[in-house]
Protein chains: 2
Amino acid sequence: MTFSALPSATTPELLADQIRDAILIGTYKPGDRLIEQELSDSFGISRGPIREAIRLLAAEGLIELRKNRGAVVAAPNFDDVLEVYAIRMSLGSIAIAHACHAQKHGLLDTTVVNKKLSLLKKAVGGNAFAAVSADLEFQTALIELGALPRITETFQQTAVDISVFVRFLEIRYEAADHQDLVDRHVAVFDAILQGDVDKAVDLWTGHIRQSVREFMQPFSDLEIAELFERPLMQDVFEVENAR
Amino acid sequence: MTFSALPSATTPELLADQIRDAILIGTYKPGDRLIEQELSDSFGISRGPIREAIRLLAAEGLIELRKNRGAVVAAPNFDDVLEVYAIRMSLGSIAIAHACHAQKHGLLDTTVVNKKLSLLKKAVGGNAFAAVSADLEFQTALIELGALPRITETFQQTAVDISVFVRFLEIRYEAADHQDLVDRHVAVFDAILQGDVDKAVDLWTGHIRQSVREFMQPFSDLEIAELFERPLMQDVFEVENAR
DNA sequence: GGCTCCTAAATTGTTAACAATTTACAATTA
DNA sequence: TAATTGTAAATTGTTAACAATTTAGGAGCC
């Protein structure tokens, strides 16, 4: 991987974006080392900003930092997936309830969500990975409606996790019914616009549960059986092993 | 603030610990700037590691980073408090439920919690700030029983927030009934040891709600009335304005 | 007096050299 | 052969100088 050695805009944040993309594209795989000198040569920049970018990605959980031993791309596992969905479900519920109240008081700004929704609709037919990205961005915009910055931030972090899962757990995301996904999102959005807290939260939790089910679909019976050992499956997602 | 200019162990993490302590002790107040040169002189170290420490603290949310304009100590507000309690309540519930299941399968290691509990019991009589610290550490240990690393990490972050609130929102934490606090904790712990999911989660959510009530106590009626405008109060904490 | 513009100081951002640590690998030994 | 030790290379950690940006304060102007 050499990136473009052209000196494009290179703040640590932008460097982190490019390295993150490289990881999500699959250029770097879990366990791969990120070597500072290598990266700084590629970007045509000194090691300082690269170090900072690496630490930003470590804070996201995308890579792991080992003292004096550099950074390696983190390897997600199934437990991580379930935990991330659990976080999205519970924090998302709070944010969505909050958004409903805001709507009832007539102070909900839906321009961002609407924009992300139209982007999502366009993305559904095309490239599956792009569809997942658009999906995650729409969901984040939905949660942002709650105007709860700390919850939004935590939620946003889990979006990166999901991207990583889709990439590295080799989910067959092409198999997912993206149209149904969009419908479920729109349903939550509509409920928020109606200011109906109970309905919106129910639809949201149901949506996450369905996502978990779809997530598991491509796996073997053995792997799924193992997943069902996890208490999260009953306690949080309330899904049964259908096979 | 000069810290000890002696070259004590100075990895970025330890530097962050010392700066965090300085903030929590009140040496730096919300809005104060952290100047890299100043800090590096104090610690007798170059600016590199200081920069990294500052960015670690920024990731914790303790300070705010403004591009090209340095770092300032973050100023918490009441909305932050409510949000943080909401996060602790919902993620904590998941972790505690998980811990109950582990207990039922006989694979719960309670040595850390027990240690933190005895430290907490000792701390209750003495310095109020130390008692709050011990309290937070015990709660973190309790959540760690769930063995859900991402949830634990997010929870741990909120512990720093609470410390900041107690310091900078000038909570009269001396007024809190620390013995009652310990009793509520022990009750949750006992329920986990019994493997009783419903009871443990109920006690936990009840405990957080009570904490929110106690947190508000020192404030004026006007401030409290304002707090009750927040949807979180009804939706998440289910507390009524008693005054 | 208050406003804008300008310059100097203070501060953050970046770089390249140096120091400390880890890794890789060959030579040595049992 | 397998394990161990020693050494060189690779890599991360730190430093100090330099560049770019922001801040502070005063001169000139209305």
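Source: prediction; values computed, not measured. Chain letters run A, B, ... following the sequence lines, proteins first and then strands; every chain starts at 1.
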For [X], which residues count as a side-chain hydrogen bond (donor to acceptor under 3.5 Å, both in side chains) partner, sequence neighbours excluded?
X	answer
B:Gln157	none
B:Thr110	B:Asn114
B:Glu226	none
A:Arg47	A:Glu36

Practice problem: Using chain A heavy atoms and a threshold of under 4.0 Å, write down where along DNA chain C the contacts begin and end, 5' to 3'. | Solution: C:dT14 to C:dT23
Practice problem: Assign A:Arg33 to base, sugar-phosphate, or nothing according to its heavy-atom contacts below 4.0 angstrom with the strands shown. | Solution: sugar-phosphate
Quiz item: Among residues 53-70 of chain B, which contact DNA chain D at a heavy-atom distance under 4.0 Å?
Solution: B:Asn68, B:Arg69
Quiz item: Which pairs count as ring pair (Phe, Tyr, Trp, His ring centres under 6.0 Å) when at least one residue sits in residues 131-152 of chain A, sequence neighbours excluded?
Solution: A:Phe138-A:His185
Exercise. Please name all residues satisfying side-chain contact (heavy atoms from CB on, under 4.5 Å) with A:Leu227, sequence neighbours left out, ordered by chain then number.
Key: A:Phe78, A:Leu82, A:Met216
Exercise. Scan for salt bridge (charged side-chain N to carboxylate O under 4.0 Å, His left out) pairs involving residues 136-153 of chain A, sequence neighbours excluded, and state none if there are none.
Key: A:Lys116-A:Glu137, A:Arg150-B:Asp80, A:Arg150-B:Asp161
Quiz item: Below 4.0 angstrom, N of the basic side chain to O of the carboxylate: do B:Glu60 and B:Arg20 qualify?
Solution: yes
